[in-house]
Visitor: 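Attaching a single structure in structure tokens format; questions to follow.
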Amino acid sequence: MSLPSYRLGVDVGGTFTDLLLLREDTGESWRAKVLSTPEDQSVAVIQGKDQILSKIPNGADVVLHVVNHGTTVATNVILEQKGAKVALVVTEGYKDILQTRRSQVPGNLASWIIWPKPEPLAPLELTVEAPGRLATDGTEVRSFDEAIFEERFRPIVKEKPDAVTISLINSFANAAHEQAAERVVTKLLPDTSVSISSEVLPELMEYERTITTVVNSYVEPSVRNYLSNLLLSLEGKAKHLRILRSDGGLSSVSLASRFPVTWVLSGPAGGVSGVVSVVADQTRFKNLITLDMGGTSTDVALVENGVPRIRRETKVADLVVKAPSVDVRTVGAGGGSIARVPEVTRALRVGPESAGAMPGPACYGKGGSTATVTDANAVLGYLPKSLLGGAFDLDIDAAKKAVQQVADDLGVGLYQAAEGILKVSNETMYGALRLVSVEQGYDPRDFSLVAFGGAGPLHANSLGMLLGAFPVIIPPSPGVLCAFGDAMTLLRHEVGQTFIRVLQQTDKQDILGAFDGLLEQAKTVMRDEQGVPEEKQVPSPSFLPSSKIVLLLFDQTAPITDLRYSGQAINIPVDVELESLQTNGLPYLQELFEAEHEKLFTYRLSSDVELVNLRVIAEELKTDLPVKKLDHATSVNPPDSSVSSKTNLVFEGKEFPDSPVWDRLSLKNGHTVLGACIISEMDSNTLVLPGFRAEVDPVGNILIHQVTDKQGQENLGIKELDTVTVDIFENALRNARNEMDTLMTRTTMSPAIREQQDEFNVIAEPTGKMIAGQFGSFIGGFLDVWKDDIEPGDIFLTNDPYSVSGAVSHHNDWLILMPIHLNKRLIAWTANFGHMTDVGGSVPGSLPCAASSIFGEGIQIPITKVASKGVWNEDLMEVIYRNVRLPDWNRGDVRALVAACTIAGNRMIELYTRFGDTVYFAAIDELLSRNRRAVSSIINTSIADEPAYFEDWIDDDGQGIGPWKLACTMSKKDGRLKFDFSGTDPQSPSSINFYLNINMFKMFVGVYLLVVYDSSVVANDGFHDLIDVHIPEGSLLKPIRPAAVSCRTHFLARIMDVLSALLGQKSPDFMTAAGFSDSPHLMYSGYKQSGEWFQLYWIGFGGIPGRPIGDGPDGHCLWPAMKAIPNEFLELYYPLRIEVFNTVADSGGPGLYRGGNAQRIFWRFLEEGMISIHDDRWLSKPWGVLGGEPGARSTKVLVKYSKDADNPPREALGSKQDRIKVSAEDVLEWITWGGGGWGDPLKRDPEAVALEVRRRLVTAEGARRYGVMLHEDCSVDVQGTANLREEMRTVSSREKLNDGVFNRGGSWEELRANCLKETGLPAPTPPWEVSLRGPMSQLPWFKEWKEKHDREAARKRPPS
């Protein structure tokens, strides 16, 4: 008689390690939960194994068939920053690839003031630049010189790195250079692990590929050591050890050790696998939304037809790596999430901060005193008096004390505060649940919600009500479901390749042949490295076509193709049936893609479809394991003996005394209980609300159904407004706006929208007040002008700044406005504008520097109804598209704008329906009032009474005239702020004018004020009456039509510097230096030799200013969420090569907190064409503050290699130029400006300066500007530093501060005098010295401005 076979599932969490033992022949299972051992997770694994085996006969002698292990080892290494010392090898010119991180600052406008930039996982001092260069097609541009590379890498050997990453530009297309570098590294460091990006992630996009490979290196030594120890501990106790991957499959220890980045989200994947095994495989419910709620966060995912959705990226902390994972979305809402009430807004906030395991929630009795979600559950009676089967008593009084503090801050009762905490937390989770369902094109009402984890079953019923996803299912042992999933999971492997080509121009046999090769690779890996013997895979392969082998090899294969519309950056994966592809050809693939695109984003396009990647996922043959069934109950009502205790539940303000607490283990198949009640078990508690029933199915799942009518449930508890309802409403608005942003960045064609996120949306109430957004409402200006009918289904389009008072500020910004009606009643507005790559006009890109009126800036679209009652005016749209250079892009972008507005409109209809008319509008009014109160409080308590004045300049207008002054006085009176722009120069005859929309400026002020005190607030227009703005008509900020505005980006940017300076003078929290508040543009266009038109629009970034919280990030953008376009993407689609992409040492202004360094980019043009440049700060410098020094200027130089390859002429370019002719091989050396420094540089830690010298962010000579002397090895010369700093403090010639606060690096007179010498360009002519003509010339203030400057000129004129 053979011995029974067992498999063990193990899931290691932060607090507990869960284990589930499964007998393979009977389906019997045993579970255990032991405390995790973070110092070495394998200790808890072995302890748990021994404990669980002690529960079966002769357990000590059992040799487990397999241990399937989900672990947070890799995750914890990242979160705790305890990974390897990683050296990084990059392509020459790309040393700062991790330092700049695609230049993105997360968050909203002004988030850069408070964002702490994380350190790169591979430090700059261990980064080496490798010679050689590849093109995007894999051809060699410059050869890889092993001797030179070895010489450069040798100093790294002395640093003894634990691991090395090699990631070279375009290695996805050709791995040869990476392999050559690997040979050198292996020779010099034979015992050090090396990860190369062409193996870890052979896909386009250099930053994503690099960070993914660095993460692999960062965690590899730790996980390899861990797995080795675990294998040793299991020797003789288990036949196989397998590791759960992030995508829900298993990996052998060998593969898991080499590619640990594939299992950094191993833990959450186990829970989803468990849901599939217990629910999808055992019941009729195949479409599921999963909710795994633990102590600090909640993970949600979607399962369709029994298969979890997979995505191509994994997020851990602030790192996003490209590795396949179950599409789990995580939010900071868990049992330990802390509730708080910020003083400025008096809004209830829950999470993401957590009480953690220690001290934990107050009710745990471990010293915690702040209210948490768990405390709220305890106060409301949703938890029994003790947990873990009676082993852990709760301190309910401590929970009440903690929640009472929140109640006092809100001015409500104890129970109302507790319910409020749960509702706000639920709304956060609801947003995540919508993210994996509604935002992916799925109706959650077609799914069941499955909740597990320690806290998930407590919130499941409420979340099921919000989603409409019933029945709500609670699987058996929800607290150890991840371990069950681990036990049931199968071996899996994925292989893939980049395959970029236009679908319609591809031979299907090329695709099939590529799939054949990938299938063969998968077969080999599964056989040789995963241990699946070939003779058990294919009984008779000789007569089968290779594309069919996999159907016999493995239980599941998924040939997958990533596709997109040509011009998009998003990749949409579709599962491919090779038979259908063979039979139906390319139209089959196109229809698969377009149907998925339509499901996700509501529309299709006429653009070409593009193949991007091909992949094959293979799994081992599945063995059906029996599942132990429950005995069938003789009655639907469980016996009274199943009630373990009673509790007093509170729900929607009503008490339910003596509610039963059912013991789950005593419930049988068919038992049904009614809410309000709790179903308790060792590792979790399920709350069943009033109006619901819970029944037990044959495998032990709890199924919660509604017993009251649905409409009654939807309106339960929202009949009148309260503080918590307002907070829920605010969260819902935030989620709706995020959906708009997500759709735009995923689907648009214009890189400015998609990558650089130059799109801004608004949700407004019926009169036009913005209730969510960040650039102010566009609706008010529209309503002031539009006097015709507004009906359901109408869509409006405009791009004319003069039609909407500057709400859009140049013709490239196309604004869609949509009224949202329900039953013919207007309930909201949604609007979105995006920057189109081209709108016609005199130059490609439609941003002419030399335009003298708007008539040279492209098509003007006054406010126009382009759709009436849902019917588009297609003829009108074709007229519009006929006037642009890239009509397909504009079509696609307009469809995306409309889809985003439509989605937000649907969300507002859902909110109106959910809350009802009275509460809906009352919540909007209260949100507006709340923001007003918050801003009023900040003005009264944080802004001093004395007026503040500041002025700044744009250096020139591109026509040799400048500087142009922007002046503003901020004053405070009776609790209101006034910003008076009197003193600003007259409008320019060129295109630098900026029509500053007053509502937009008010929003800038409000967001700046709020972000420091409550960064999670949803900004709205409620505070607008507290801010007055005066802008002289005919000035640069309020030009008179038809003044040109296409180059307005510079004054838009300078507004940010001026605003920081004004607020900073009156409140230190806002005091920052000047910095990269501009967004310099490069346009490059022409015809390729093939006759194809190309047209690039690109935005650059630079140094963020020094800030009160620390250094300004290098090479970043302070505009919200903008990020750099991947260089490999640019090289793939445009005839250019980016040869240098790094930051400029010493360009950030010295200070206690250094300004961020500028960006250096060398563009090599591969085809003849024209370029245009928009830039500034080439003469003036970004000022430093409080003793900090200014940042460095920008420069642009065209190196004409086409004229002379050996000694090319160099031409200094102006900051604003059109139609610069370039030839093939010419190089544009593009350097942006640095951020100003904050505080006295002589107070900066010398060791920090020395480190930055080693990192090549500061030079040794630059260190002297901080008063720091270094030895040759870059260590600090302590005595030399002390002497130098003393000398610098006393030398009278040291630069003094202008105005006592701001250091501009010299007066304008000094800057002009030294201009030619320092910049190579002549100084511009001041605007008052030229004849300014235009409609402003007869305005009284203009005449006074002119007379004033004439008098000053006369005084300075030498006597005749």
Side-chain angles (χ1 to χ4, degrees), residues 93-94 96-97 99-105 112 206-207 750-758 812 835 837 845 847 849 954-955 958 1047-1050 1052-1054 1056-1057 1074-1085 1095-1105 1112-1131 1134 1136-1144 1147-1148 1155-1165 1171-1178 1182 1191-1198 1213-1217 1220 1222 1227-1235:
Y94 280 78
D96 294 314
I97 190 167
Q99 184 77 4
T100 54
R101 296 164 47 99
R102 288 190 67 187
S103 301
Q104 185 180 32
V105 174
W112 61 271
E206 68 278 1
Y207 170 74
S750 296
I753 303 176
R754 183 186 64 239
E755 300 291 344
Q756 302 185 309
Q757 300 188 20
D758 191 355
N812 292 74
H835 182 109
T837 295
L847 298 172
C849 300
I954 296 299
D955 293 350
C1047 206
R1048 65 56 170 139
T1049 186
H1050 309 295
L1052 169 59
R1054 203 64 75 248
M1056 298 302 175
D1057 278 342
F1076 209 72
S1077 56
D1078 209 335
S1079 46
H1081 302 344
L1082 172 68
M1083 280 72 77
Y1084 171 42
S1085 60
Q1095 184 174 330
L1096 168 69
Y1097 168 75
W1098 176 90
I1099 301 177
F1101 309 119
I1104 298 278
D1114 305 304
H1116 273 62
C1117 179
L1118 56 71
W1119 288 109
M1122 280 191 174
K1123 57 184 176 181
I1125 302 172
N1127 291 341
E1128 290 178 345
F1129 182 92
L1130 293 173
E1131 293 189 10
Y1134 299 96
L1136 56 82
R1137 190 161 54 247
I1138 300 172
E1139 300 194 333
V1140 173
F1141 192 86
N1142 56 25
T1143 64
V1144 183
S1147 57
N1157 278 338
Q1159 197 174 44
R1160 177 194 286 114
I1161 305 174
F1162 288 3
W1163 303 80
R1164 184 176 293 275
F1165 304 111
I1171 64 171
S1172 296
I1173 291 174
H1174 286 215
D1175 195 16
D1176 203 58
R1177 293 288 196 199
W1178 64 274
R1193 296 166 168 143
S1194 67
T1195 62
K1196 307 289 179 287
V1197 176
L1198 183 61
L1213 301 179
S1215 69
K1216 303 168 188 69
Q1217 284 187 243
I1220 304 167
V1222 296
V1227 171
L1228 175 64
E1229 297 182 354
W1230 173 291
I1231 295 176
T1232 61
W1233 64 78

Visitor: Enter the distance from Ile1161:CD1 to Leu1082:CG here, rounded to the nearest 0.5 Å.
Guide: 9.0 Å

Visitor: Please answer whether the main-chain N or O of Ala752 pairs with a side-chain N or O of Asp758 as donor and acceptor at a distance below 3.5 Å.
Guide: no

Visitor: How close do Gln1217 and Cys849 get, counting heavy atoms only, and between which atoms?
Guide: N-SG, 3.6 Å

Visitor: So does Gln1159 get a backbone contact from the side chain of Thr1232, meaning a donor-acceptor N/O pair under 3.5 Å?
Guide: yes

Visitor: Within this structure, what is the OG1-CG distance for the pair Thr1049 and Asp1176, rounded to the nearest 0.5 Å?
Guide: 10.0 Å

Visitor: Just by modelled atom types, is the Ala1158 backbone N or O under 3.5 Å from a matching donor or acceptor in the Trp1233 side chain?
Guide: no

Visitor: If the condition is side-chain hydrogen bond (donor to acceptor under 3.5 Å, both in side chains), which residues does Arg1193 pass it with, not counting sequence neighbours?
Guide: Glu1318

Visitor: Quick one: does Lys1216's side chain have a donor or acceptor within less than 3.5 Å of a partner on Asp1175's backbone?
Guide: yes

Visitor: If you compare all heavy atoms of Pro1182 against all heavy atoms of Gly1234, which two are closest, and at what distance to 0.1 Å?
Guide: CG-O, 3.1 Å

Visitor: Checking His1116 side chain against Asp1114 main chain: does a donor-acceptor pair fall under 3.5 Å?
Guide: yes

Visitor: Can you list the residues that meet the salt bridge (Lys or Arg N to Asp or Glu O under 4.0 Å) rule with Arg1164, with sequence neighbours excluded?
Guide: Glu1139, Glu1225

Visitor: Quick check: does any side chain N or O of Ser1147 sit under 3.5 Å from a backbone N or O of Asn1157, one acting as donor and the other as acceptor?
Guide: no

Visitor: Would you indicate whether the side-chain heavy atoms of Tyr1134 and Trp1098 approach each other to under 4.5 Å?
Guide: no

Visitor: Verify side chain to side chain contact (heavy atoms under 4.5 Å, CB included) between Arg1177 and His1050, making sure each step is shown before the conclusion.
Guide: CA-CA 10 Å; Arg1177 293 288 196 199; His1050 309 295; over 6 Å; no

Visitor: Output all residues satisfying side chain to side chain contact (heavy atoms under 4.5 Å, CB included) with Val1222, sequence neighbours left out; order by chain, then residue number.
Guide: Tyr1084, Phe1165, Ile1171, Leu1198, Asp1226

Visitor: So does Glu1229 get a backbone contact from the side chain of Lys1196, meaning a donor-acceptor N/O pair under 3.5 Å?
Guide: no

Visitor: Partners of Lys1123 by salt bridge (Lys or Arg N to Asp or Glu O under 4.0 Å), sequence neighbours excluded?
Guide: none

Visitor: Can you list everything that forms a side chain to side chain contact (heavy atoms under 4.5 Å, CB included) with Ala1124? Sequence neighbours excluded, please.
Guide: Ser103, Phe1101

Visitor: Glu1131: which residues meet the side chain to side chain contact (heavy atoms under 4.5 Å, CB included) condition with it, sequence neighbours left out?
Guide: Tyr94, Arg133, Thr136, Asn170, Leu1136, Arg1137, Ile1138

Visitor: List the residues meeting side-chain hydrogen bond (donor to acceptor under 3.5 Å, both in side chains) with Arg1160, not counting sequence neighbours, and say none if there are none.
Guide: Asn1142

Visitor: For the CZ atom of Phe1141 and the CG atom of Leu1130, what is their distance to the nearest 0.5 Å?
Guide: 9.0 Å

Visitor: Would Trp1230 and Ile1173 count as a side chain to side chain contact (heavy atoms under 4.5 Å, CB included) here? Give the steps.
Guide: CA-CA 10 Å; Trp1230 173 291; Ile1173 291 174; 4.1 Å; yes

Visitor: Is the shortest heavy-atom distance from the side chain of Trp112 to the side chain of Cys1117 under 4.5 Å?
Guide: no

Visitor: The criterion is side-chain hydrogen bond (donor to acceptor under 3.5 Å, both in side chains); which residues satisfy it with Asp96, sequence neighbours excluded?
Guide: Thr1143

Visitor: First locate atom OG of Ser1194, then atom CG of Asp955, and finally report the distance between them rounded to the nearest 0.5 Å.
Guide: 7.5 Å

Visitor: Using side-chain hydrogen bond (donor to acceptor under 3.5 Å, both in side chains) as the criterion, list what pairs up with Glu206, not counting sequence neighbours.
Guide: none

Visitor: For Tyr1097, give me all partners under ring pair (Phe, Tyr, Trp, His ring centres under 6.0 Å), at least two apart in sequence or on another chain.
Guide: His835, His1081

Visitor: For Gln1095, what residues pass the side chain to side chain contact (heavy atoms under 4.5 Å, CB included) criterion, not counting sequence neighbours?
Guide: Thr837, Asp838, Pro844, Arg885, Leu886, Ser1085, Trp1093

